[in-house]
Each structure stands twice: as C-alpha cells, then as structure tokens.
Undergrad: 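A single structure is presented below for examination.
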Amino acid sequence: MLTFGTAGLRGPVAPGPDGMNVTTVTRATAGLADWLIARGHAGAPVVVGRDARNGSEEFAAATREVLAARGFDVIALPDPAPTPVTAFATRVHGAAAGVMITASHNPPRDNGYKVYLGDPPCPGAQLVGPADREIEAAIAASEPAEIPRRPVAPDRRARAARADYLARICARFEDAVARPLRIALTPLHGVGGDLAVEALARCGFSDVHVVGEQFAPDPDFPTVAFPNPEEPGATDLLLALADDVDADLAVALDPDADRCAVGIRDGDRWRMLTGDETGALLGTWVLDAVAESAVPHGDRPVVASSIVSGTLLHAAALRRGADARRTLTGFKWLVRAGEPLVYAYEEALGHCVDPAAVRDKDGISAAVAAAFLASSWIGRGGLAAALGALHAENGVHVTAPRSLRLDDPSEIAAIMAGLRTAPPAALAGIPVTAADYAERTDGLRTDGVELTGRRPDGVALRVFARPSGTEPKLKYYGQLSAPVADGSVSTVHHELSQLLDDVLAELPAGSRGEEIRR
C-alpha cells in the first residue's frame with residue numbers, strides 16, 4: 001500500500017494498492033474519515049480540492065463522496081486549483097481536515113493525496129506523526145466493497161474559495177508599494193496561471209507576459225521532460241520570453257503552484273535563482289517589513305529553513321535580531337517551527353510568505369512577494385544587486401545540489417551506509433567530519449548524513465546527504481561560504497562556485513546513471 005511520505009500519498013496512476021486509483025483513494029478517504037470520527041470530528045467541515053492531473057477529477061469525486069456519505073460537511077472546491085487554495089480554505093474555515101489531489105511537480109504518470117489537519121496548535125498544516133501512521137492503520141482496515149458514496153455539490157464557501165484567497169493576498173501586501181515592473185511568467189502546464197496573473201494584477205503588477213505554450217493546464221506536460229522548475233531545461237521558454245520582452249523578473253510555478261522559481265537578469269544573461277537565493281531574498285524582505293510594522297507582543301519574529309537548505313537567510317535573520325530555526329525537510333515541519341512565524345522556506349523552491357493564512361508553501365503569494373521585492377530594486381541593479389548586497393553583508397554563500405536517480409533502493413541504502421561507516425576524509429582538499437542525523441536524539445533526527453569542514457582562510461563547507469521522500473533519488477545538498485575580505489562579491493562567488501563543483505563531483509555516486517542540477 002502507498003504510505004504517507006514527505007507530502008502525503010503519492011504514486012503512479014495504476015491499478016493495485018501501490019498505485020493511485022479510485023479504489024486506493026476510496027480506502028484512503030474511508031480511513032481518514034474513521035480516524036477523524038474517532039477523534040471527535042464527526043460531521044465537521046472537510047475541504048477537498050484537486051489539480052488538473054490525470055485522474056484528479058475522479059479521485060476528488062471519490063474523496064468528497066466518501067466523506068459526504070460518512071456525514072462530513074464537505075467543502076468541495078469546484079474547479080482545478082492550486083494546492084495553496086486548499087490549504088487556505090482548510091485554515092480559514094476551521095475545517096477538521098483538507099484533502100488535495102495532486103502530485104505537485106512529479107512526472108505525468110503520478111498523482112497523489114495530500115492531507116491537512118485542523119487541529120491546534122497549527123491548524124491547516126500537513127499531517128505529521130503519529131497521525132500519519134494511525135490513518136494508515138485505519139486505511140488498511142477498510143474494505144473497498146463496503147464503502148458508501150454520496151454525491152455532494154460545491155456550496156457558497158467552495159465557490160468563494162478562489163476569491164477569498166485572492167482577497168487575502170491583497171490584504172497581506174496592502175502596505176507594500178508596487179512600482180512599474182515587467183514580469184514573464186509560466187505555470188508549466190499547471191493550474192496556477194490564471195490565479196497568479198490575477199493576483200499580480202490586483203497587487204498592482206499588470207505588465208505580465210506569459211509563456212503561451214505552457215499556460216493552459218495539460219496533465220501530459222508536453223514541453224518539459226519533468227514539470228519541475230528545478231529541472232534542467234524546464235524554464236528555457238520562460239527565460240527566452242523574459243529576454244524577448246525585456247522583463248524585470250521571471251517567475252515559474254510548478255504544476256500545483258505551491259512552488260515558485262524566480263529568474264533574474266544577471267549581467268548580460270538571464271538565470272534562475274536557486275531556492276536558497278530566493279529564500280534569503282524573500283526572507284529578509286519579510287523581516288525588514290516586519291521590523292517596520294512590529295510583531296505582536298514584542299516577540300522576536302521566527303523564520304525557518306530546512307536542514308538541507310543554505311544558511312544565508314539564517315545569518316541575515318540573526319543579524320536582524322530574528323529567531324532563525326532549522327527543521328526537518330518538508331513544510332509539515334517548517335510551519336511548526338515556532339511562533340510568531342513570519343516566513344519559512346526550503347531549497348526546493350518552496351516559500352511560505354503568509355503563515356497566518358496558508359500553513360504550507362505557496363507559489364502564488366511568493367510570486368507576488370517577489371514582484372514587490374523586485375520592483376523595489378528597479379533602477380538599483382535589480383535582484384542581482386539585492387543578492388549581492390546580502391552577500392556583502394553576511395558573507396558569500398553558494399549552494400548547489402547533486403541528485404542521483406537510482407531505481408534500486410538498495411543502492412541508495414548502500415551509499416548512505418558508506419557515508420556513515422567510511423565517510424570521505426576530505427572533499428576538494430577540505431578536511432571534513434561526518435555527523436549522522438539518524439543518531440540524534442532531538443527533533444532533527446532523520447535519515448541523513450552531514451559533512452562539514454573549514455579551510456584556514458575561512459571557507460566553510462557543508463554537504464547534507466539524504467534519500468528523497470518523494471522520488472527514487474539520493475540527494476546531496478552542498479554549500480560553501482566565505483567572508484568577503486579580499487576581492488569583490490562576484491569574484492568570491494565565482495571561486496566558490498568552481499570549488500563547489502569539485503566538491504559535488506567527489507561525492508559517492510554508485511554505479512547507476514545520475515543527473516546533476518545547478
């Protein structure tokens with residue numbers, strides 16, 4: 001059977017208990033319903049949303065009809081919509097749970113079942129243990145042939161979800177100043193295009209140019225090898241459009257619009273920022289705005305990043321007097337980092353810029369925040385200059401991943417075991433020591449190994465290795481940082497980038513093919 005991973009149940013659309021199909025979804029919903037009833041939520045509101053992937057409509061119908069038959073007050077979102085809309089509706093309506101049918105940025109063959117819970121202290125966040133294992137046990141106990149279904153139609157709350165979500169974005173940024181900005185945008189064949197364009201327009205950014213070939217939802221994602229803005233080639237059409245229209249900012253959403261990738265003009269070329277670069281820029285922008293408006297009760301604002309993310313935001317946040325925290329990978333942990341949470345991000349292009357409304361990553365509101373930030377740097381060098389200023393203030397931080405696509409789980413396990421028992425003594429000439437996160441006794445215990453080291457000249461190295469929670473991959477997350485003592489930021493950045501290439505190339509890779517992303 002499919003089990004709850006980093007982002008819910010996820011797998012290929014295929015028959016059988018290990019595939020996404022109507023039977024699997026029906027059993028999952030029956031198990032969720034039994035668990036909610038056992039916890040005293042009988043008859044409570046439950047939100048059900050979906051994207052436009054293959055099977056999403058059938059799976060959403062099964063979900064809402066099983067819940068309705070069990071007596072729940074189902075808020076059935078009427079049209080394909082971004083994941084953040086479901087997360088928002090779950091929180092704003094005080095629902096006992098929310099279910100989103102999506103596989104986010106996975107390949108076309110996949111779909112998934114993502115669950116939000118309404119329980120305090122973090123209503124509207126993704127479920128965590130022990131709830132996930134308890135629901136899995138309830139799913140295993142269900143019998144598909146005995147699960148009734150009852151049709152349910154969208155009500156006023158469901159039909160208003162999109163408008164309510166847009167209104168919240170406008171309220172969130174009502175104090176920000178929108179200056180003239182030209183934006184190139186692609187939703188990568190997903191469901192976020194129309195909503196993103198409207199959100200930007202309502203916030204004062206109407207000069208938006210879209211990649212026509214990728215704007216309408218298409219579950220087969222015909223123009224990209226993988227519908228993930230992190231993947232090589234996925235944003236080629238976007239950057240070409242940005243160059244053609246002389247844009248100031250490029251934005252790519254993933255298919256369910258919970259992730260946001262940002263592209264900038266850097267010298268005479270366009271490039272996509274890494275998730276860490278965008279995270280540091282947006283996080284400091286949010287913190288600077290919070291500093292102006294003050295956090296309630298005089299508390300230190302909290303920002304959160306995952307253990308696999310870079311540390312530039314961490315350094316900048318501490319310099320601003322904020323409380324910077326690290327969590328396990330996944331927004332189910334990030335949004336529970338502490339209060340008052342004002343921003344959270346992870347390097348895989350996820351950004352939470354409005355935790356009061358959406359306790360998950362949200363590509364639409366992140367795109368709006370990026371537009372406000374970019375517009376504030378018009379005439380001052382753009383976001384490239386903003387990033388340079390952050391590096392000058394906090395030291396140059398360069399991050400890059402290396403992903404090994406290994407279909408045999410035993411090979412991933414073998415590499416992880418080798419890192420634990422016989423880690424490399426040095427990487428690119430930098431002596432390193434290993435820390436096994438599986439041996440930790442705190443909330444950061446996980447299947448991961450961290451390699452760290454430092455040169456006498458102050459160059460610091462950090463590599464985190466872990467198996468992916470959503471794909472058959474082993475992932476390395478590399479970072480080099482150094483103070484800007486001699487030379488310019490760009491010179492130090494270039495030197496660190498070249499050195500990081502050498503570091504990543506020396507990491508154990510197994511015997512199978514691999515893919516390296518920058």
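All values reported here derive from a predicted model rather than from experimental measurement.
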Undergrad: Just do the side-chain contact (heavy atoms from CB on, under 4.5 Å) check on Asp258 and Ile364 with the steps written out, would you?
TA: CA-CA 7 Å; Asp258 65 347; Ile364 305 292; over 6 Å; no
Undergrad: Any luck finding a side-chain donor-acceptor pair between Gln479 and Thr311 under 3.5 Å?
TA: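 Distance-only check passes for Gln479 and Thr311.
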Undergrad: Does the side chain of Gln214 pick up a donor-acceptor pair with the side chain of Thr223 at under 3.5 Å?
TA: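 The criterion, which ignores hydrogens and geometry beyond distance, is satisfied for Thr223 and Gln214.
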Undergrad: Can you label the angle between the Phe205 ring and the Phe372 ring as parallel, tilted or perpendicular, going by 30° and 60°?
TA: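 Answer is perpendicular, since the angle exceeds 60°.
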Undergrad: Could you report the tightest heavy-atom contact between Ala366 and His351, atom names first, then the distance?
TA: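 Scanning both residues completely, I find the closest heavy atoms to be CB-CB, 3.9 Å.
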Undergrad: Using only atom types and a distance under 3.5 Å, with no angle test, would you say the side chain of Thr29 pairs donor to acceptor with the backbone of Val66?
TA: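 Checking the backbone N and O of Val66 against the side chain of Thr29, no donor-acceptor pair under 3.5 Å is found.
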Undergrad: Can you tell me if Arg359 uses its side chain to pair, donor with acceptor, with the backbone of Asp354 under 3.5 Å?
TA: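 No, because the side chain of Arg359 does not come within donor-acceptor range (under 3.5 Å) of the backbone of Asp354.
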Undergrad: Side chains of Arg50 and Thr102 only: does a donor on one sit below 3.5 Å from an acceptor on the other?
TA: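 No - no donor-acceptor pair under 3.5 Å links their side chains.
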Undergrad: Side chains of Arg336 and Val128: does their closest heavy-atom pair fall under 4.5 Å?
TA: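 The answer is yes, as the side chains (C-beta and beyond) meet within the 4.5 Å cut-off.
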Undergrad: Take Arg466 and Val308, measure what side-chain contact (heavy atoms from CB on, under 4.5 Å) needs, and give me the verdict at the end.
TA: CA-CA 9 Å; Arg466 63 178 282 271; Val308 303; 3.5 Å; yes
Undergrad: Answer yes or no: is there a donor N or O on one side and an acceptor on the other, between the side chain of Glu136 and the main chain of Phe4, under 3.5 Å?
TA: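 Checking the backbone N and O of Phe4 against the side chain of Glu136, a donor-acceptor pair under 3.5 Å is found.
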Undergrad: How would you list, by chain and number, every residue that makes a ring pair (Phe, Tyr, Trp, His ring centres under 6.0 Å) with Tyr343, sequence neighbours excluded?
TA: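 Once residues adjacent in sequence are excluded, Tyr343 has no partner under the ring pair (Phe, Tyr, Trp, His ring centres under 6.0 Å) criterion.
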Undergrad: Compare every heavy atom of Val398 with every heavy atom of Leu500, then report the nearest pair and how far apart it is.
TA: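 So the minimum-distance heavy-atom pair works out to CD2-O, 3.6 Å.
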Undergrad: Could you tell me whether the side chain of Asn228 and the main chain of Asp254 form a donor-acceptor pair under 3.5 Å?
TA: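 No, the answer is negative, given that no donor and acceptor are paired below the 3.5 Å cut-off.
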Undergrad: Do Leu185 and Leu241 make a side-chain contact, defined as non-hydrogen atoms from C-beta onward lying under 4.5 Å apart?
TA: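 Not in contact.
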Undergrad: Between Arg326 and His314, do the side chains contain a donor N or O and an acceptor N or O under 3.5 Å apart?
TA: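 Side-chain D/A pair, His314 to Arg326: absent.
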Undergrad: Working to the nearest 0.5 Å, report the span between CZ of Phe59 and CG of Leu9.
TA: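 Answer for the CZ-CG pair, Phe59 versus Leu9, is 11.5 Å.
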Undergrad: Report yes or no: is the cationic atom of Arg109 (NZ for Lys, CZ for Arg) under 6.0 Å from the centre of the six-membered ring of Phe226, at an angle within 45° of the ring normal?
TA: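 Judged by the rule (NZ or CZ under 6.0 Å from the ring centre, within 45° of its axis), Arg109 is not positioned above Phe226.
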Undergrad: Can you confirm whether the side chains of Asp447 and Tyr437 place a donor and an acceptor under 3.5 Å from each other?
TA: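 On atom types as modelled, these side chains do not qualify, holding no pair under 3.5 Å.
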Undergrad: Could you note down all residue pairs passing side chain to side chain donor-acceptor pair (under 3.5 Å) where residues 80-99 supplies at least one of them, sequence neighbours left out?
TA: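 Matches after skipping sequence neighbours: Thr83-Asp256.
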Undergrad: Can you name the nearest heavy-atom pair linking Ala369 to Val353, along with the distance?
TA: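 So the two residues come closest at CB-CG1, 4.3 Å.
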Undergrad: Under 3.5 Å, is there a donor-acceptor pair between the side chain of Asn21 and the main chain of Gly19?
TA: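 Yes; at least one donor-acceptor contact below 3.5 Å.
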Undergrad: Before giving the answer on side-chain contact (heavy atoms from CB on, under 4.5 Å), spell out for Phe88 and Asp362 the whole-Å C-alpha distance, their side-chain angles and the decisive distance to 0.1 Å.
TA: CA-CA 10 Å; Phe88 168 79; Asp362 182 351; over 6 Å; no
Undergrad: Under a 4.0 Å threshold between the charged nitrogen and the carboxylate oxygen, would Arg64 count as salt-bridged to Glu58?
TA: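 Looking at Arg64 together with Glu58, the answer is no, because their closest N to O distance does not fall below 4.0 Å.
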Undergrad: Is Asp246 salt-bridged to Arg265, cutoff N-O under 4.0 Å?
TA: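 Answer for the salt bridge query: yes.
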Undergrad: Using the rule given for salt bridge (charged side-chain N to carboxylate O under 4.0 Å, His left out), can you reason through Arg259 versus Glu230, listing the C-alpha separation, both sets of side-chain angles and the distance that settles it, and then say yes or no?
TA: CA-CA 10 Å; Arg259 286 172 171 81; Glu230 288 184 290; 5.3 Å; no
Undergrad: Quick check: do Leu32 and Val115 have side-chain heavy atoms less than 4.5 Å from each other?
TA: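 The answer is yes; the side chains approach within 4.5 Å.
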Undergrad: Can you find a heavy atom in the side chain of Val47 that is under 4.5 Å from one in the side chain of Val99?
TA: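 No - every pair of side-chain heavy atoms lies 4.5 Å or more apart.
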Undergrad: List for me each residue that meets ring pair (Phe, Tyr, Trp, His ring centres under 6.0 Å) alongside Phe215, sequence neighbours excluded, and say none if there are none.
TA: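 Scan of Phe215 (ring pair (Phe, Tyr, Trp, His ring centres under 6.0 Å), adjacent residues dropped) gives none.
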Undergrad: Assess, by modelled atom type and distance only, whether the side chains of Asp276 and Tyr477 contain a donor and an acceptor separated by less than 3.5 Å.
TA: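 Checked: Asp276/Tyr477 side chains show no N/O donor-acceptor pair below 3.5 Å.
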Undergrad: Flag the pair Leu253 / Leu188 as yes when at least one side-chain heavy-atom distance between them is below 4.5 Å, and no otherwise.
TA: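 No, side chains not in contact.
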Undergrad: Taking side chain as C-beta onward, heavy atoms only, is Asn111 less than 4.5 Å from Asn54?
TA: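 When only atoms from C-beta onward are counted, Asn54 and Asn111 do not touch, as no gap falls below 4.5 Å.
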Undergrad: Any Lys/Arg nitrogen of Arg271 or Glu277 sitting under 4.0 Å from an Asp/Glu carboxylate oxygen of the other?
TA: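 Glu277 and Arg271: salt-bridged.
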Undergrad: Find the distance between NZ (Lys473) and OG (Ser403) and round it off to the nearest 0.5 Å.
TA: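 The OG atom of Ser403 is 4.5 Å from NZ of Lys473, to the nearest 0.5 Å.
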Undergrad: Please answer whether the main-chain N or O of Asp110 pairs with a side-chain N or O of Arg53 as donor and acceptor at a distance below 3.5 Å.
TA: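 Between the backbone of Asp110 and the side chain of Arg53 there is a qualifying donor-acceptor contact (under 3.5 Å).
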Undergrad: Main chain of Tyr345, side chain of Ser305: is a donor-acceptor contact present, judged purely on distance under 3.5 Å?
TA: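 No; zero donor-acceptor contacts below 3.5 Å.
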Undergrad: When you compare the side chains of Ser365 and Arg172, does any donor N or O come within less than 3.5 Å of an acceptor on the partner?
TA: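 Ser365 vs Arg172: no donor-acceptor pair found between side chains.
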Undergrad: When rounded to the nearest 0.5 angstrom, what is the spacing between CE in Met100 and CG in Asp360?
TA: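 If we round to the nearest 0.5 Å, Met100:CE and Asp360:CG are 10.5 Å apart.
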Undergrad: Supply the atom-to-atom distance Thr399 OG1 to Leu312 CG, rounded to the nearest 0.5 angstrom.
TA: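 Spacing of OG1 (Thr399) from CG (Leu312) equals 9.0 Å.
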Undergrad: Quick one: do the Tyr113 and Thr63 side chains pair a donor with an acceptor below 3.5 Å?
TA: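 Side chains of Tyr113 and Thr63: no pair found under 3.5 Å.
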Undergrad: Mark yes or no for whether Arg168, through its side chain, and Asp164, through its backbone, hold a donor-acceptor pair below 3.5 Å.
TA: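 A pair under 3.5 Å: no.
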Undergrad: Search all heavy atoms of Ala371 against all heavy atoms of Ile183 and return the closest pair with its distance.
TA: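 Here Ala371 and Ile183 meet closest at CB-CD1, 4.0 Å.
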Undergrad: Under the side-chain contact (heavy atoms from CB on, under 4.5 Å) criterion, do Glu346 and Leu334 qualify, and how do the steps go?
TA: CA-CA 8 Å; Glu346 62 182 359; Leu334 284 162; 4.0 Å; yes
Undergrad: Okay, side chain of Glu339, backbone of Leu341: is any donor-acceptor separation there less than 3.5 Å?
TA: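 Yes.
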Undergrad: Return the minimal non-hydrogen interatomic distance between Ala242 and Ala250, and the atom names on each side.
TA: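 In terms of heavy atoms, the two residues are closest at CB-CB, 4.2 Å.
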Undergrad: Look at the aromatic rings of His391 and His397 and report parallel, tilted or perpendicular, splitting at 30° and 60°.
TA: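 Plane angle under 30°, so parallel.
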Undergrad: With a 4.5 Å limit on heavy-atom distance, are the side chains of Thr446 and Thr329 in contact?
TA: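 Not touching, per the 4.5 Å side-chain cut-off.
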Undergrad: Without swapping roles, check the side chain of Arg182 against the backbone of Val245 for a donor-acceptor pair under 3.5 Å.
TA: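 Yes: the side chain of Arg182 pairs with the backbone of Val245.
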Undergrad: Can you name the nearest heavy-atom pair linking Cys203 to Ile169, along with the distance?
TA: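 It is SG-CG2, 4.0 Å.
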Undergrad: Any side-chain heavy atom of Leu496 within less than 4.5 Å of one from Val396?
TA: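 A side-chain contact under 4.5 Å exists here.
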Undergrad: Looking at CD of Glu213 and CG of Asp218, how far apart are the two atoms once the value is rounded to the nearest 0.5 Å?
TA: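 CG of Asp218 is found 12.5 Å from CD of Glu213.
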Undergrad: Got a second to check how far Leu249's CG is from Leu200's CG, nearest 0.5 Å?
TA: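 If I round to the nearest 0.5 Å, the distance is 8.5 Å.
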